[in-house]
Number of protein chains: 4
Amino acid sequence: MQSRTSSPTGRPGRPRSATADEAILEATREALVELGWSKLTLGDVATRAGVAKTTLYRRWAGKNELVVDAVAVLFDELELPDRGSLAADIEGVVLQFAAILDRPETKTALMAVVAESTRDAPLRERIRNSIVDRQKRLVLEGRARAERRGELPAAPDPRSAAATADLIFDVAAGAVVHRTLVSAEPVDGEWVRRFTALLLGGLAAASG
Amino acid sequence: MQSRTSSPTGRPGRPRSATADEAILEATREALVELGWSKLTLGDVATRAGVAKTTLYRRWAGKNELVVDAVAVLFDELELPDRGSLAADIEGVVLQFAAILDRPETKTALMAVVAESTRDAPLRERIRNSIVDRQKRLVLEGRARAERRGELPAAPDPRSAAATADLIFDVAAGAVVHRTLVSAEPVDGEWVRRFTALLLGGLAAASG
Amino acid sequence: MQSRTSSPTGRPGRPRSATADEAILEATREALVELGWSKLTLGDVATRAGVAKTTLYRRWAGKNELVVDAVAVLFDELELPDRGSLAADIEGVVLQFAAILDRPETKTALMAVVAESTRDAPLRERIRNSIVDRQKRLVLEGRARAERRGELPAAPDPRSAAATADLIFDVAAGAVVHRTLVSAEPVDGEWVRRFTALLLGGLAAASG
Amino acid sequence: MQSRTSSPTGRPGRPRSATADEAILEATREALVELGWSKLTLGDVATRAGVAKTTLYRRWAGKNELVVDAVAVLFDELELPDRGSLAADIEGVVLQFAAILDRPETKTALMAVVAESTRDAPLRERIRNSIVDRQKRLVLEGRARAERRGELPAAPDPRSAAATADLIFDVAAGAVVHRTLVSAEPVDGEWVRRFTALLLGGLAAASG
DNA sequence: ACATAACCGAGACGGTACGTCCAGTCTTCCC
DNA sequence: GGGAAGACTGGACGTACCGTCTCGGTTATGT
């Protein structure tokens, strides 16, 4: 005699359009390329996506959240192919990261949302979840692979290993971002070699 | 009966108020602390400074330029006191830099203007002149002092020395910025010691 | 082999909920009292009535039609009890009309739908059928009763009688509406006596 | 040594555009004719007037106030030319009033603002000041002229005279409005003759 | 019994206007 | 000519409703 609420979704009413989300994110990236962060307007994004402004506001709280989601997916391209040595692996992933950061849609947007996030804790959390933490895995994978190869000794204790991973992540990501956006110089092969040498030398010295 | 143009500038008419500039910049910093970058409006700054909006636009092209000038002066606090060793010097300056970056007015403004500068070359130049290059001298000074102390060998050739200085600068500034704004973790004594060890180890390995 | 249309309505499928109609009209009157015409929204009416917006639009074309129906029923209260003389009959019905017009739901709605009806012929027709013509019968009844009493001579010709009835109707209804809504003065006993005297005096003079 | 604030206007700053007001009111009347009250939007009016929306909101609180001002001027056309007799004077002014009320911009707007005014006391006051009371003078002038001609006896006491004037005003204005907008019948010569006869007969009977 | 068809609630949809805010400019009078 | 005041055009904001639609699901009739 139970009440029949056997709907698969549970929620009544018209379901949200499945295609709209991706259309909006794609339109956002397109608008970022053309207009940059500060001239991007949600009305324009809605028009490009063929969607009403209300639909957009129903799904995202504002420009910041929308842009984080639109850009986040680009960073998922990052991989860590095995290039035979720790140095080569690092150089490869740093170059990949620099290439993503050099795209106009990320270049203009990433710093802007980080700037906003200094006064907006939920946004900071969203950035961390959507972008930052997803890439930290690369550091951990690289370390694990280097240990398997015997290039690095096994981590002495987990706590110290985590702190080192965080440090490497801040150094590597920070250096590439600073070089690209602040110094406005290219992250080319030579720079990457120099940076990698510095980083590996430092790691060896620190653990030796 | 001719008009005496004894004004020091030679320009006719009332000279610009000397005090207004500093009042505006101070009002800008105050507004940055209270409102953050994105909610700061020029009208509000003008009101706080007791100045007409016209005056403000006569002296700065827009929000970006104004904020760069308002924040730049804060970075002039950076010094490089002699602490006896290269490591101590680095730790000291990194901590100073982190302290400046932790202030609400810089935290909210710096990434924002950098973000804007990705699409605005004159702004990028202004940031470089007002903020970035003033820090870079610290790297050069530190290197020179370390050479005098014998901690580092003399630069083999100028070109390579400049590239290394740039690299160190991007790594150090980038790491601190990333740690502070993206990872949102404190730049405390331990982190600075770890970072300095990494950096010096890397430098030694690279030059050895 | 013909289809049996033994249903009372003839239409197959689930019949419309009988209770919904009255719930909606009651909710409309309630919303009119609270919000007035211009802030009344159909979504709000639907919510108050515990009904989906779809249901509402299935039965009424829009706000205007709904409000006409909601208010029309209030005018059915108007009666013409025999008070012994034409003057007393007129005074009675004018007071009744004024009382209905003083209710907040009619006050805010009636002029609004009349305003809309100036650009919407079907709405004008609906108002006439639902509201206006129901009042006009009172004029005709009053005249007939006065003739039976001998207070007025029999109508000389039907065409003239109809024109006079229309005139009386416009004068009486118009005066009460104008007094109530435009002059915003009360239609009290004294005003009604003065008005009735004017009207009856005019009628006597015109027919004499 | 007094502060010199010898500006003629007294207020500092750029003065309001003198031409904008009339352009906006004219655009409002034009839009009323084309769109009617309910489809008239302030954005559209601003565009027609060649003015920014903010300018419009700076000067009027909303649609209601704007429309009252736009329409009020039309009623100032009403005059009371001397046609030789009280009856002729009344017929003349009633026809004028009906003609104004038949214009699309008044027809659609007047009832709408009256409807709104039922829930908005300041608006009611504005209507009274801008439109209603300005026309009440016609009743008083007509009475005075009729007294000079000897058609009506001098008012016995001022209080009663004022009440009679109010009554006449409500009856006349109300009847014309009702005939035009509710009954939707033309106010033609015959109707006006009948109405005037009724009114004058009633007045004579009441004062006799 | 079971299909058919109109009903129902909920709520997302594209669209339009709202009234506000700010940018950057212009116009006035004053110093 | 600089400066304070404030009105100006223009454009985006985020919200509220409109009237439509698309779901899952209900309730009648008709075979």
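Hydrogens, waters and symmetry mates play no part in the numbers below; they use all other heavy atoms, side chains included. Note on naming: letters A, B, ... go to the chains in the order of the sequence lines (proteins, then strands), and numbering restarts at 1 for each one. Computed from a predicted structure; not experimentally measured.
Proximity of residues 26-39 of chain B to DNA chain F (heavy atom under 4.0 angstrom from any strand atom) is not detected for any residue.
Looking at residues two or more places apart in sequence or on another chain, you find no side chain to side chain donor-acceptor pair (under 3.5 Å) involving Glu125(C). Contacts of Asn64(C) classified as side chain to side chain donor-acceptor pair (under 3.5 Å), with partners at least two apart in sequence or in another chain: none. Every residue meeting the side-chain contact (heavy atoms from CB on, under 4.5 Å) condition with Glu30(C), not counting sequence neighbours, appears here in chain and number order: Glu34(C), Arg48(C). Checked against salt bridge (Lys or Arg N to Asp or Glu O under 4.0 Å), Asp69(C) has the following partners two or more places apart in sequence or in another chain: Arg126(C). Not counting sequence neighbours, the partners of Glu105(B) by the salt bridge (Lys or Arg N to Asp or Glu O under 4.0 Å) test are Arg103(B).
A straight line from CD of Glu65(C) to P of dC18(F) spans 13 Å, rounded to a whole angstrom. Between the OH atom of Tyr57(D) and the P atom of dG10(F) there is a distance of 17 Å, given to the nearest Å. One interatomic measurement links the two molecules: CG of Leu40(C) to P of dA16(F), which rounds to 17 Å at whole-angstrom precision. For Leu56(B) and dA23(E), the CG to P distance is 10 Å, given to the nearest whole Å. Distance CG (Asp44(B)) to C1' (dC22(E)): 11 Å, rounded to an integer number of Å. Regarding Leu42(D), its CG atom lies at a distance of 5 Å from the P atom of dC18(E), rounded to whole Å. Atom CG of Leu66(C) and atom P of dC18(F) are 11 Å apart (whole Å). Separating the CD1 atom of Ile24(A) from the P atom of dA12(E) is a distance of 14 Å, rounded to the nearest angstrom.
The backbone N or O of Gly43(D) sits less than 3.5 Å from a side-chain atom of Thr47(D), completing a donor-acceptor pair.
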Indicate for each nucleotide in nucleotides 3-9 of chain E, in 5' to 3' sequence, whether protein heavy atoms under 4.0 Å reach the base (B), only the sugar-phosphate (S), or nothing (-). --BBBBB
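For residues 108-118 of chain B, there are no salt bridge (Lys or Arg N to Asp or Glu O under 4.0 Å) pairs, not counting sequence neighbours. Applying the salt bridge (Lys or Arg N to Asp or Glu O under 4.0 Å) test to pairs two or more places apart or on separate chains, those with a residue in residues 51-64 of chain C are Asp21(C)-Arg59(C).
Rounding to the nearest 0.5 Å places OG1 of Thr28(C) at 6.5 Å from CG of Leu56(C).
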